[in-house]
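Keep in mind the model is a prediction, meaning the values are calculated, not measured. Both backbone and side-chain heavy atoms feed into the values below; hydrogens, waters and symmetry mates do not.
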Amino acid sequence: MSAVSKAVYKPLSLATRVLGGVLAGVVFKQVWKRIGDNDTSTPDPKDLSRTVQEVLIAAAIHGAVFGVVKAAVDRAGAKGYRALAHEDPS
């Protein structure tokens, strides 16, 4: 990757990652709303009124959703860059 290409790709990659984080947050809230007994707030690990099981399940789902969304956004960004620049961003 040339220096110019790298200079263009870095800010675009950062912007797509930020948008991906926002999207992942929205997706996680929707998933939790459906499986969290109609509780719209996710359990805080320091909230001792919540069960350990509930906190750990929420954390696992949160991590999985963010991981999948991050991979999808990174992949889409790399494919889009390749389509425009005709070179791989790696």
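Atom-to-atom distance recorded for L84:CG and Y9:OH is 12.0 Å, nearest 0.5 angstrom. Rounded to the nearest 0.5 Å, atoms NZ (K33) and OG (S41) are 11.5 Å apart. Atom NE2 of residue H62 and atom NZ of residue K29 lie 9.0 Å apart, to the nearest 0.5 angstrom.
Test D44, T42, V55 against R50 for side chain to side chain contact (heavy atoms under 4.5 Å, CB included) and you get one pass: V55.
Scanning all heavy atoms of the two residues, the minimum distance from P43 to E54 falls at CG-O, 3.8 Å. Among all heavy-atom pairs drawn from I61 and V31, the shortest one is CG2-CG1, 3.9 Å. Scanning both residues, V73 and T16, for their nearest heavy atoms gives CG1-O, 3.2 Å. Between F66 and G21, the closest heavy-atom pair is CE2-O, 3.7 Å.
Linking ILVMFWY residues whenever their side-chain heavy atoms come closer than 4.5 Å, directly or via other members, places V65 and I35 in the same cluster.
Applying the side-chain contact (heavy atoms from CB on, under 4.5 Å) rule to A85 yields the partners Y81, E87; only residues at least two apart in sequence or on another chain are considered.
A 6.0 Å sphere centred on CD of Q30 holds more than 12 heavy atoms belonging to other residues, nucleotides or ligands.
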